[in-house]
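Side-chain atoms are counted along with the backbone in the values below, which use heavy atoms only and exclude waters and symmetry mates.
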Amino acid sequence: MTPASKRENGLDVFRLLAAFGVITVHVGFFESFNSEEISSILRLSGRWAVPFFFILTGFLISRNNSSTRALSPLVKALTIFSIAFLLLIPLSVANYGFHETLARVFSSGVFLSGSYFHLWYLSSVVVGLLILLALEKQELGRLIPYVACISILMYLVMGAYNPLTESGIKVARHLSSVGFLYIGIKLKDIPASAARGLNFVIIGFIMQIIETQTLTYFLPGKNILKFQFLVGTVFFAIGAFDLARSLNSNSFDVLGKLGARHSLSIYIFHPYFIFAFKFLPISSYLSDLIIIPSVFLSSLLLSMLLDTYTPKFYKIVNGNLSFLKNK
């Protein structure tokens, strides 16, 4: 295996870890632990995952220097968003009822939320790639760094650092993809460094903890468990990506293959298992202890079963985001 392909394998390994990180954010607030600080730390440990996927997308499309390089991944991202939208409608009905689901599907903000809340990532990829395509096609690439900075600042200002309301956070987080796509594009020309990546992860994680404590102290209306995005999250995501590119051990080949083939399916289907987990006859404390690995493994198993027994369906679900594959 060449050094380049080893780094590619690292990206796939971290793709799987990022899917796990997404689940830590979505499973709930761990009320049975009776400690908001512990619950907050658990949730903060997964906040890097979505920015990481954005960065990865930018890094992979940076291999193409064409002014229309964002077009093909844009079409594929829109396709997979549409497919996932349909696949999650039954869960929305089960969770929210038929009438609320119908209202959601036909609402003006349906693209920002999808049929289920976590699909905003896919629609945000679409928005980011569309903006990137428009700027590069119009030969306005010089504006991308400024748009990128503004998009990330908007996410902070309209979210965690907004003292009054977070009503605009849905729009802001969709635009934030531009910032992380640009970071991924720029990282292509920077050699990977495991030491730098680890330092960024540690610094980013500590920053997130400090930010949550400080913001909830000075802004009593903030909930320590509900911060979606913080300054430290940027450092954490960049550090994780640096570590991913630096990973070069053959012992992680299996994890890399799992990440390459199943991370997207895990992302799409894991809310079904979170919903089903609520009906297990176990204590709330035991549930909070095992829900993250249980949902992750169940989602991975489902993806593997789809891959094995319904390859055409699996290809429809997972294959359209081939621009996120290491080639």
Side-chain angles (χ1 to χ4, degrees), residues 12-33 38-39 41-50 52-53 80-98 100-101 104-105 113-123 225-226 228 254-255 257-311 313-321 324:
D12 289 333
V13 170
F14 269 73
R15 197 196 310 265
L16 191 67
L17 294 177
F20 187 90
V22 167
I23 293 172
T24 67
V25 177
H26 289 167
V27 293
F29 299 107
F30 309 100
E31 291 93 342
S32 68
F33 292 167
I38 292 176
S39 301
I41 288 173
L42 282 171
R43 289 170 62 78
L44 290 175
S45 68
R47 288 296 180 192
W48 64 279
V50 169
F52 172 87
F53 281 126
I80 197 64
F81 171 77
S82 302
I83 294 169
F85 184 98
L86 296 174
L87 290 172
L88 271 295
I89 286 178
L91 180 59
S92 180
V93 172
N95 237 333
Y96 307 115
F98 178 78
E100 186 172 339
T101 298
R104 179 193 295 260
V105 168
S113 301
S115 55
Y116 213 72
F117 69 92
H118 72 305
L119 295 183
W120 76 266
Y121 157 68
L122 293 171
S123 56
L225 298 175
K226 295 184 178 181
Q228 294 189 25
V254 173
L255 292 180
K257 291 175 182 177
L258 291 175
R261 292 194 67 81
H262 302 295
S263 57
L264 177 61
S265 296
I266 292 171
Y267 183 88
I268 292 173
F269 290 115
H270 75 272
Y272 273 104
F273 294 101
I274 294 175
F275 178 76
F277 204 85
K278 299 175 183 177
F279 297 99
L280 293 181
I282 57 178
S283 69
S284 59
Y285 184 76
L286 180 59
S287 174
D288 283 346
L289 280 178
I290 67 173
I291 187 171
I292 296 174
S294 298
V295 168
F296 174 77
L297 291 174
S298 299
S299 304
L300 175 59
L301 178 60
L302 173 62
S303 181
M304 294 172 71
L305 289 173
L306 290 174
D307 188 13
T308 302
Y309 296 106
T310 59
F313 179 74
Y314 173 86
K315 187 176 181 180
I316 291 173
V317 173
N318 207 59
N320 282 286
L321 248 60
L324 286 181

Begin from the C-alpha positions of Ile290 and Ile282 and carry the test side-chain contact (heavy atoms from CB on, under 4.5 Å) through to its verdict. CA-CA 11 Å; Ile290 67 173; Ile282 57 178; 4.1 Å; yes

Using distance alone, with no hydrogens and no angle criterion, decide if Ser284 and Ser32 have a side-chain donor and acceptor under 3.5 Å apart. no

Do side-chain atoms of Tyr267 reach the backbone of Leu119 as a donor and acceptor pair under 3.5 angstrom? no

For the residue pair Arg43 and Leu225, what are the closest heavy atoms and their distance? NE-O, 2.7 Å

To the closest 0.5 Å, what do you measure between CH2 (Trp48) and CZ (Phe14)? 6.0 Å

With a sphere of 6.0 Å drawn around CZ of Phe117, does it hold more than 12 non-hydrogen atoms of other residues, nucleotides or ligands? yes

Side chain Ser123, main chain Trp120, donor-acceptor under 3.5 Å: yes

ring-ring contact (aromatic ring centres under 6.0 Å, His included) between Phe275 and Tyr272: does it pass, once the steps are laid out? CA-CA 5 Å; Phe275 178 76; Tyr272 273 104; 8.1 Å; no

Cationic tip of Arg15 within the cone over Phe53's six-membered ring, i.e. under 6.0 Å and within 45° of the normal? no

Check whether any side-chain heavy atom of Phe296 lies under 4.5 Å from a side-chain heavy atom of Val22, and answer yes or no. no

Dump the intermediate steps for ring-ring contact (aromatic ring centres under 6.0 Å, His included) on Tyr285 and Phe33, then the final yes or no. CA-CA 7 Å; Tyr285 184 76; Phe33 292 167; 5.8 Å; yes

Can you say whether the rings of His118 and His26 are parallel (under 30°), tilted (30 to 60°) or perpendicular (over 60°)? perpendicular

Rounded to the nearest 0.5 Å, what's the gap from CZ on Phe277 to CG on Asp288? Could you check? 9.0 Å

Is the shortest heavy-atom distance from the side chain of Lys278 to the side chain of Asn95 under 4.5 Å? yes

Counting the benzene-type ring for Trp, do Phe85 and Tyr116 have ring centres under 6.0 Å apart? no

Look at the side chain of Thr101 and the backbone N and O of Ser92, then say whether any donor-acceptor pair between them is shorter than 3.5 Å. yes

Going from CZ on Phe273 to CG on Leu300, what distance comes out if it is rounded to the nearest 0.5 angstrom? 10.0 Å

Can any side-chain N or O of Ser265 pair as donor or acceptor with the backbone N or O of His262 at less than 3.5 Å? no

Measure from the side-chain N and O atoms of Ser287 to the backbone N and O of Ser283, and report whether any donor-acceptor pair falls under 3.5 Å. no

Minimal heavy-atom distance between Gly21 and Ala49, with the atoms involved, is C-CB, 4.2 Å

If only atom types and distance count, is the side chain of Ser39 paired as donor or acceptor with the main-chain N or O of Phe29 below 3.5 Å? yes

Any side-chain heavy atom of Leu91 sitting closer than 4.5 Å to one from Tyr96? no

Does any part of the side chain of Tyr314, heavy atoms only, come nearer than 4.5 Å to the side chain of Leu305, both counted from C-beta? no

Identify the two heavy atoms, one from Arg104 and one from Ser113, that lie closest to each other, and give their separation to 0.1 Å. NH1-CB, 4.5 Å

I'd like to know if the side chain of His270 and the backbone of Ile266 have a donor-acceptor N/O pair within less than 3.5 Å. yes

Go through it in stages, so that I can follow the logic: the residues are Leu301 and Leu297, the test is side-chain contact (heavy atoms from CB on, under 4.5 Å), and I'd like the CA-CA distance, side-chain angles, deciding distance and then a yes or no. CA-CA 6 Å; Leu301 178 60; Leu297 291 174; over 6 Å; no

How long is the gap from CD1 on Ile41 to OG1 on Thr24, to the nearest 0.5 Å? 12.5 Å

Search all heavy atoms of Gly259 against all heavy atoms of Leu16 and return the closest pair with its distance. CA-CB, 3.8 Å

Is there a donor-acceptor pair closer than 3.5 Å between any side-chain N or O of Ser303 and the backbone N or O of Ser299? no

Run the salt-bridge test on Asp12 and Lys257 with the 4.0 Å N-O cut-off and return the result as yes or no. no

